[in-house]
Number of protein chains: 2
Amino acid sequence: MTTEAGHSKQRDPQDLAQRLRHSGLRNTRPRRYVLEVLAHEEQPLSSREIHSRMGEQACDLVTVYRCLADFERVGLVQRHEFGDGNARYELNDQSGHHRHYVVCRICQRKEAMDVCPPHWLEEKLRVRGYSDISHSMEFFAVCPHCRLQEERESARPQ
Amino acid sequence: MTTEAGHSKQRDPQDLAQRLRHSGLRNTRPRRYVLEVLAHEEQPLSSREIHSRMGEQACDLVTVYRCLADFERVGLVQRHEFGDGNARYELNDQSGHHRHYVVCRICQRKEAMDVCPPHWLEEKLRVRGYSDISHSMEFFAVCPHCRLQEERESARPQ
DNA sequence: ATGTATGCAAAGAGTTTGCAAATGG
DNA sequence: CCATTTGCAAACTCTTTGCATACAT
């Protein structure tokens, strides 16, 4: 179901630099830092989350925004909208695979689901004349851990 | 594929008032107006869009925000995130059905898709211990109309 | 050398909050 | 009559923009 520890993200810094060059983007320190943070995370992060993980004085928060916009444009990262008004980003692997997540309503943790989703739906759209098709899909739920916590608390009121 | 004109939304004002009462919300003028606007629309609307369709002086924009938050809480409306940083809302029908949309990358029009999506995925989550499960799913593409337009323009450069 | 990227400050936009006044049941 | 709801003003947060400076190639 999930790949909590099984990500095959690019953690090799050399490779990150290469992917930067291949994207036509200059290999700068802020960009390397943003990519490194993303490479070490199991779940999508917001600009602010990335910035604090970089060590505050690594670069300006604005630069993180600009890096992520560039990265998305060239396909280096995938943006997610989890409905809390914060865009979150994850590193794409080279194969172009993207992930979908289940977000816990309580603890907000994001867990990847290794399902490859509605391709036949995109096909239906293509037949109808749509082109350049993509999709977003996220799940929201109470995770097993938080559910237990809730049950304990309701069993022992106060 | 789509139900452009075939919506079975509640357009009967009397019924809208009933649904308000059944939700434990007071039947106020702003709330009735918001519901009426939603009942007459074929695609999800943002708070601002709803507000302008109400006739500006119907109520304050803030009230629209509060109405929609309440409506979502009691299940009267469904919120969508189309990735432009504006939450959009559509009226739910009583059966609890919700829709998914394809958003045109050019003209931004939203067209409903009458597909009922990944229930088996929710089942997989349930088996893993997740509860209170819901999902979001949206498609993004260039619609047939805008694609034609693009082709014409590229065929006759300048 | 030159176009690209960054920092800083400030603006924009959507959404939320505080509180007194109005209103629904 | 009393809790709920609204209006108005202001705050908050995320994100974007302008422009001079610094940097990568």
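Worth knowing before you read on, the calculation uses all heavy atoms, side chains too, and leaves out hydrogens, waters and symmetry mates. Letters A, B, ... mirror the listed sequences (proteins, then strands); counts begin at 1.
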Requested in this report: Using the rule that two of Ile, Leu, Val, Met, Phe, Trp, Tyr join whenever any of their side-chain heavy atoms come within less than 4.5 Å, decide whether A:V74 and A:V64 are in one cluster.
Outcome: yes
Query raised in the report: Are OP1 or OP2 of D:dC23 and a side-chain N or O of A:R29 less than 4.0 angstrom apart?
Result: no
Strictly under 3.5 Å: I want the nitrogen or oxygen pairs between protein and nucleotides 20-23 of chain C, one per line.
none

Query - Minimum side-chain heavy-atom gap B:Y130-A:V142 below 4.5 Å - result: no
**Report entry** A:Y101 and its side-chain hydrogen bond (donor to acceptor under 3.5 Å, both in side chains) partner, picked from A:K110, A:E138, A:E90, A:R109
**Finding:** A:E90
Report summary line: Sorted by position of nearest nucleotide on DNA chain C, 5' first, the leading residue of B:L25 and B:S46 is B:S46
Report task. Kindly state each residue pair satisfying salt bridge (charged side-chain N to carboxylate O under 4.0 Å, His left out) with at least one member in residues 73-86 of chain B, sequence neighbours excluded. Result -> B:D70-B:R73, B:E72-B:R79, B:R79-B:E81, B:D84-B:R88
Query raised in the report: Quick one: does A:L125's side chain get under 4.5 Å of B:M113's, heavy atoms only?
Result: yes
Requested in this report: Specify the separation, in whole Å, of atom CG of A:L20 and atom P of C:dT4.
Outcome: 16 Å
**Report entry** Separation of C:dA5 P from A:L35 CG (nearest whole Å)
**Finding:** 13 Å
Query raised in the report: So which of residues 61-77 of chain B are in contact with DNA chain D, with a heavy-atom cut-off of under 4.0 Å?
Result: B:V62, B:T63, B:R66
Query raised in the report: Atom NE2 of B:H51 to atom C1' of C:dA13: distance rounded to whole Å?
Result: 16 Å
**Report entry** Phosphate contact (D:dT6 OP1 or OP2) by B:T28 side-chain N/O below 4.0 Å
**Finding:** yes
Report task. State whether A:N86 places a side-chain N or O below 4.0 Å from either non-bridging phosphate oxygen (OP1 or OP2) of D:dC14. Result -> yes
Query raised in the report: What about A:L91 and A:M54, same hydrophobic cluster or not, with Ile/Leu/Val/Met/Phe/Trp/Tyr joined at side-chain heavy-atom distances under 4.5 Å?
Result: yes
Report summary line: Nearest heavy-atom approach of B:G75 to B:N92 is O-ND2, 3.2 Å
Query raised in the report: B:R21 has an atom CZ; how far is it from atom P of D:dT4, in whole Å?
Result: 18 Å
Query - B:H80-B:H98 aromatic ring centre distance below 6.0 Å - result: no
**Report entry** Test salt bridge (charged side-chain N to carboxylate O under 4.0 Å, His left out) applied to A:E42 and A:R99, step by step
**Finding:** CA-CA 11 Å; A:E42 299 299 340; A:R99 269 176 282 276; over 6 Å; no
